[in-house]
Amino acid sequence: MKPFTVHTGLAAPIDRANVDTDMIIPKQFLKSIRRSGFGPNLFDELRYLDVGEPDSDNSGRPLNPDFVLNQPRYAGATVLLARKNFGCGSSREHAPWALEDFGFRTVIAPSFADIFYNNCFKNGLLPVVLSEPEVDQLFGAIAASEGLQITVDLAAQSVAAGELLFHFEIDDFRKHCLLEGLDEIGLSLQSSDAIKAYEAKRAAQHPWVFGAIKR
Amino acid sequence: MAAMTLYDKLWQSHLVESRDDGSALVYIDRHILHEVTSPQAFEGLRMAGRKPWRLDTNIATPDHNISTDRAEREAGVDGIPDKTSRLQVKTLDDNCDHFGIVEYKMNELGQGIVHVMGPEMGVTMPGMTVVCGDSHTATHGALACLAHGIGTSEVEHVLATQCLVTKKMKNMRIRVDGKLGFGVTPKDVVLAIIGKIGTAGGTGYAIEFAGEVFEAMTIEGRMTVCNMAIEAGARVGMVGVDQTTIDYVEGRQFVPKGADWESAVSYWRTLVSDPDAVFDAEVVLDGSAIAPQVTWGNSPEMVAPVTGSVPLLAEQNSAEQRAALERALHYMGLQEGSAITDIPVDRVFIGSCTNSRIEDMRAAAAVARGRTVAASVKQVLVVPGSQMVKQQAEAEGLDAIFRAAGMQWREPGCSMCLAMNNDKLGAGEHCASTSNRNFEGRQGNGGRTHLVSPAMAAAAAIAGHIVDVRSMMEEF
């Protein structure tokens, strides 16, 4: 997995609460069997004026000029500022894949939906939770200053933008894995003996759990 | 020992390893796979040269992406017209064949929506941890399972290790006491709950549903409620074991027999919260006050009783709420303050992992019987949740009732709940839908979804607009 340490980049705001994963990447793109290539269809229904289809060329499609990511001042943004309950709805990991493929490295919001939050860490995308007043200040700062860069430092657990400096909380395990870009499966397999011991104990107690599913 | 909640007990009994950093390795008893969120996980396994930790805990079936049209289904996987869909379904078949995972293929008896087929075949049983790359996995919590959705990276992790790295959630209990009124269903109960606590009200919690309403509810009804826990922000929703649970599980295909059955039952009976268990949060609703519910906006929390109306902008407490309401009114093409029963209906969808079980089919058929779909309604899709539901419904003659009313009886799958196949809304069309999400574009680009119960959906199909189903039913 791609590690995340410190990132500085142009920030773009998406000013609405409850942005759901259907909005982040609409269902027709979930037919893909690949992990990459979702960036051109990030926020597809908001971003384009026509209906997108998988495996089609997006370069000539009519853009919605009102959508924030289509505004020239946010071209090349890598930090997404969002409102509460970002990523609610479906468990599709295609949502963080699309954000990452588009170029975002971090999303800052007052709260995230659980599954989306969890999925971000598997893909080197850092979700940062700040308080609502702090997020409000960042929205204000972006509006006031075109080209505003935000720095997110995972080791220091800090977000800096101009004069603003905020601290965020994150649990130690996720922080460690992301800083190091660790392979979580490899890490869990180091506990193989504990898993086998658990299975042996459980099979004695609840034998019906094992061996049942076969044809 | 301290009093424990049901969630505490399930967590404790699956804990493989607790780590100093607060994370834990938790054992997974059942892993259900489908075509959409698994291909990249299998590819990850191959690239790392890994194989599944065990085979007898995994089960797969295609559901999200497949056609519900009989002629298309009869043409088999090679007959799937859309080439990306075809490749995805083929990829599931190939991966299951390659790794030796049991799969119920597209047209086999046993195939169905993951959260319909799992419980109905006895794949999921009380006391199990159940995961699936689908956020509606909490459905299985109706059987007192610790069940939740996971992302594709976690699908790969579970395949490779039979475990998840996770953190313990907080406990929330939602009590609904009293007796549900005539014509009020489990779907109405869960929509009322979401209306009360909001779409993020349960974030970070495992919800236990308790109280007289759930005690009196069938397992299929409990599944409908647990299914939508995620729409209240909670990954996990569940109900403790009682006799209804045991009776539901008994005799199903993968359930133990003989002495194992007896010992399983005595263990399962312990799967209830201790009387003095402490919950981090408690929510109480009066079941007798719940009316049939209808969502009017584009978030499941934007819900009102059928007797009510769309909210007024002036009643909103904050600029953010006003903005959300304005956006919803614009998207949904509705006026503030208009009556819920004035909402027109262009299409109707009866199906999804929320409401496609046999009781749902019966409830819709009871309303459709002897009536005809309104001329203004373009299409009514009735999509059974599994091959077994389809078979049972046909044995009861329900398909004939739907057809006689002018409704289409389809093949099992997720269908218009998420519109990955050809079952979708056109821009601006209103749909009375028994599914779980009314997000913008969810059922088709520009489509307008109104979440309702199966009986309410059938009633809307007949009336051509949202209507209080109680006015069309005889009270016994």
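Within every chain, numbering begins at 1; the chains are lettered A, B, ... in the order of the sequence lines, protein sequences first and strands thereafter.
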Reported [atom1]-to-[atom2] distance for the pair [X] and [Y], which is rounded to 0.5 angstrom:
X       : Y       : atom1 : atom2 : result
I213(A) : M121(B) : CD1   : CE    : 9.5 Å
N421(B) : Q28(A)  : CG    : CD    : 12.5 Å
S135(B) : R92(A)  : OG    : CZ    : 8.5 Å
L25(B)  : S188(A) : CG    : OG    : 5.0 Å
K31(A)  : K83(B)  : NZ    : NZ    : 10.0 Å
R437(B) : S90(A)  : CZ    : OG    : 5.5 Å

Answer whether the closest heavy-atom distance between the side chains of [X] and [Y] falls below 4.5 Å.
X       : Y       : result
Y198(A) : H14(B)  : yes
C163(B) : I195(A) : yes
S192(A) : W53(B)  : yes
D21(B)  : H176(A) : no
I115(A) : I150(B) : no
K122(A) : H157(B) : no

Donor on one side chain, acceptor on other, Q205(A) and Y267(B), under 3.5 Å: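 No, because no side-chain N or O of Q205(A) sits under 3.5 Å from a partner of the opposite role on Y267(B).
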
Under 3.5 Å side-chain donor-acceptor pair for T37(B) and E93(A):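 No, because no side-chain N or O of T37(B) sits under 3.5 Å from a partner of the opposite role on E93(A).
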
For the residue pair [X] and [Y], what are the closest heavy atoms and their distance?
X       : Y       : result
N118(A) : R235(B) : ND2-NH1, 4.0 Å
R35(A)  : T152(B) : NH2-CG2, 4.5 Å
A212(A) : F254(B) : O-CD2, 3.3 Å
V165(B) : F173(A) : CG1-CE2, 3.3 Å
I230(B) : G89(A)  : CG1-O, 4.1 Å

Which one, [options], leads in non-hydrogen pairs under 4.5 Å with chain B?
options                   : result
N123(A), V51(A), D172(A)  : V51(A)
K214(A), K175(A), E199(A) : E199(A)
N119(A), D20(A), T21(A)   : D20(A)
D22(A), D15(A), N18(A)    : D22(A)

Donor-acceptor contact below 3.5 Å, side chain [X] vs main chain [Y]:
X       : Y       : answer
Q88(B)  : L30(A)  : yes
K27(A)  : G441(B) : yes
R30(B)  : V209(A) : yes
D114(A) : G204(B) : yes

Derivation and outcome, side-chain contact (heavy atoms from CB on, under 4.5 Å), residues Q40(B) and W97(A): CA-CA 11 Å; Q40(B) 298 87 352; W97(A) 293 339; 3.6 Å; yes

Between [options], which has the largest tally of heavy atom pairs under 4.5 Å with chain A?
options                            : answer
S153(B), S299(B), P256(B)          : S153(B)
L55(B), D56(B), V36(B)             : D56(B)
R50(B), M169(B), Q162(B), H64(B)   : R50(B)
E154(B), M128(B), K424(B), Q253(B) : E154(B)

So for [X], is it side chain, backbone, both, or neither that comes closer than 4.5 Å to the heavy atoms of chain B?
X       : value
H94(A)  : side chain
R34(A)  : backbone
K84(A)  : side chain
F112(A) : backbone
D183(A) : side chain
P54(A)  : side chain

Please classify the contact of [X] with chain A as side chain, backbone, both or neither, using a heavy-atom distance under 4.5 Å.
X       : result
D82(B)  : side chain
N65(B)  : side chain
E301(B) : side chain
T166(B) : neither
I101(B) : neither
S23(B)  : side chain
E320(B) : side chain
E17(B)  : side chain
K167(B) : side chain
R442(B) : both
M125(B) : side chain
A419(B) : both
A323(B) : neither
T91(B)  : side chain

NZ/K51(B): more than 12 non-hydrogen atoms of other groups inside 6.0 Å: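 Counting neighbours around NZ of K51(B), 12 or fewer heavy atoms of other residues, nucleotides or ligands fall under 6.0 Å, so no.
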
Salt-bridge present ([X], [Y]; N to O < 4.0 Å):
X       : Y       : answer
R16(A)  : E440(B) : yes
R202(A) : D29(B)  : yes
R215(A) : E103(B) : no

Aromatic plane relationship, Y27(B) with F210(A) - under 30° parallel, 30 to 60° tilted, over 60° perpendicular: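 Tilted.
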
